[in-house]
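Here is how names work: the chains are called A, B, and so on, in the same order as the sequence lines, proteins then strands, and each is numbered from 1.
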Number of protein chains: 2
Amino acid sequence: MQEAAQVLEEAQSDLSPQQLIGALVKKGELTDPGSPRGRLLNAAARLFEQKGFSRTTVRDLAAEVGILSGSIFHHFSSKEQILCEVMKEVTIFASARMRSAMESAGSPQERLRACIQSELEAIHEQAVPGFSILVMEWRSLSEASQKEVLLQRDEYEQIWLDAINTAQCPGGDAAVVRRLLVGALSHTYSWFKPREKGLTIPELSDRVFQIFAP
Amino acid sequence: MQEAAQVLEEAQSDLSPQQLIGALVKKGELTDPGSPRGRLLNAAARLFEQKGFSRTTVRDLAAEVGILSGSIFHHFSSKEQILCEVMKEVTIFASARMRSAMESAGSPQERLRACIQSELEAIHEQAVPGFSILVMEWRSLSEASQKEVLLQRDEYEQIWLDAINTAQCPGGDAAVVRRLLVGALSHTYSWFKPREKGLTIPELSDRVFQIFAP
DNA sequence: AACGCTACCAAGCAAGCGCTTGGTATTCAA
DNA sequence: TTGAATACCAAGCGCTTGCTTGGTAGCGTT
């Protein structure tokens, strides 16, 4: 029974996270996590998520990957550029992940539920480290950097809007519903702890789905 | 004493914001906005909301009220204490405002709708300057300060939980529903602009209500 | 007139910040 | 064997930060 479920899960999701990352790296859309630049981006994603952007110093970041603070600027031109690059790569990865989650969903209802669960997994599991930064640290970006990230983000949001529209949610137009969902889901970072034996991510996804698409 | 407070509370149900503030100042629960300390707290609420806590310097704050930065520490012991005091006073004011909004609501449905609209007004109108700080800058507080603010916040959240419970919302227990609502509502600060001729606050309240309590 | 209290100024300190500079070790292709 | 490229170190610069110190002007009370 346990094995059958596991086989089914792996059969439905064509790629593991590592395989998905590998494919995106080969396409040149993501930085190789093994390269110095990639290790910096991953460490930055973790630190910015844990402590916030302005409370993370370049010395913190350098210590995390075992180099001196000045060496960071051999790979990036400024601290803000690091945040910008982190956000862009996080968005690209989350998009690919959600698109692959949508492929194994049949009905419009299932598609919306898959979106919700995919975003919750991005926020809470190690699935997409740094995803919550996209909302929480948005104001730390300059306007120029915001535009760069929005260019990537449009694709991700389009998947959401399609899912909301076809699922016929109440509450007016899809854009408003999505924005309310962004807030509700991203804020779970502050209170939902999937490790504690209480709510699981699928259960929480069910509740959110139940509220937004009854 | 208990009765006197009750009478005072009922008397303030139809008060304007200024009158409500005045009553709370007289009870000693709020700092007089005309005093130097009060002017600092109001300016801090505006600045922390606009630019964020860590991007606001004590020099910014001092300039806003027309004094030098060092003089701030004649009124507060640290920058973090200012944030803590702002949060406490914002919570006290928002509680009083919401309680008075609940009194003119009849059915459980109306009570929940009144809660939603009251919080949206707190976030977007000048009703409660600094309200969004409560969510956005929570992590900027030390654990000791967080406990202080939570002491005030419990009362506010209890009103919400009662309203959600009696309105029989879907989506499981009231605590989870409230947390999803906190996220959805507080995030509106980033996208909803009541000045633009589009959605109004009552209309947005309707949509949120429609989603969370169909 | 003397006192104490509040509110503030003027000046600056120590620490921390993002970032720069000049140089070194290693690698690898020509 | 040379030369360019990559990845990093060592040292520190210039600036900003939250906060301190010592002093003063104005005020109401006694």
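No donor-acceptor contact under 3.5 angstrom links the side chains of B:Q152 and B:S95, judged on distance only. For the residue pair B:S186 / A:H187, no side-chain donor-acceptor distance below 3.5 Å is found, with atom types taken as modelled.
Using a 30° and 60° split on the angle between ring planes, A:F53 and A:F48 fall in the perpendicular class, above 60°.
Distance, B:L83 CG to D:dG18 C1': 15 Å, rounded to whole Å. Across the protein-nucleic acid pair, A:I67 atom CD1 and D:dA7 atom P stand 11 Å apart, rounded to whole Å. Whole-Å rounding puts the A:R39 CZ to D:dT6 C1' distance at 13 Å. Rounded to an integer number of Å, the gap from A:H74 NE2 to C:dG22 C1' is 14 Å. At whole-Å resolution of the value, CG in A:L40 and P in D:dT6 are 16 Å apart. Atom C1' of nucleotide D:dG18 and atom CG of B:L68 are separated by 15 Å, given to the nearest angstrom. One atom, NZ of B:K51, and another, P of D:dT16, lie 13 Å apart when rounded to the nearest Å.
Between A:R207 and B:D173, at least one side-chain nitrogen of the basic residue sits less than 4.0 Å from a carboxylate oxygen of the acidic one, meeting the salt-bridge criterion. Comment: B:K88 engages B:E85 in a salt bridge, judged by a side-chain N to carboxylate O separation of less than 4.0 angstrom. Look at B:D60 and B:R55 and you find no salt bridge, because none of the NZ, NE, NH1 or NH2 atoms lies under 4.0 Å from a carboxylate O. Using a 4.0 Å cut-off between a side-chain N of Lys or Arg and a carboxylate O of Asp or Glu, A:R97 and A:E121 qualify as a salt bridge. Ion pairing between B:R111 and B:D162 fails under the 4.0 Å rule for side-chain N and carboxylate O. Ionic pairing of B:R178 and B:E119 is present here: one or more N-O contacts between side-chain nitrogen and carboxylate oxygen are shorter than 4.0 angstrom. Ion pairing between A:R37 and A:D32 fails under the 4.0 Å rule for side-chain N and carboxylate O.
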Pairs under 3.5 Å (N/O, protein and nucleotides 15-21 of chain C):
unit_1, atom_1, unit_2, atom_2, d
C:dG18, OP1, A:K79, NZ, 2.9
C:dG18, OP2, A:V58, N, 3.1
C:dG18, N7, A:R59, NH1, 3.1
C:dG18, O6, A:R59, NH2, 3.1
C:dC19, OP2, A:K79, N, 2.6
C:dC19, N4, A:S69, OG, 3.2

Each nucleotide of nucleotides 23-28 of chain D classed B (base within 4.0 Å of a protein heavy atom), S (only sugar-phosphate) or -, in 5' to 3' order, makes ------
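Non-hydrogen atoms lying under 4.0 Å from DNA chain C are contributed by B:P36, all within residues 29-38 of chain B.
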Given ring-ring contact (aromatic ring centres under 6.0 Å, His included), test B:F212 with A:F212 step by step and report yes or no. CA-CA 7 Å; B:F212 279 84; A:F212 280 83; 5.5 Å; yes
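Look at A:H75 and you'll find a side-chain N or O under 4.0 angstrom from OP1 or OP2 of D:dC8.
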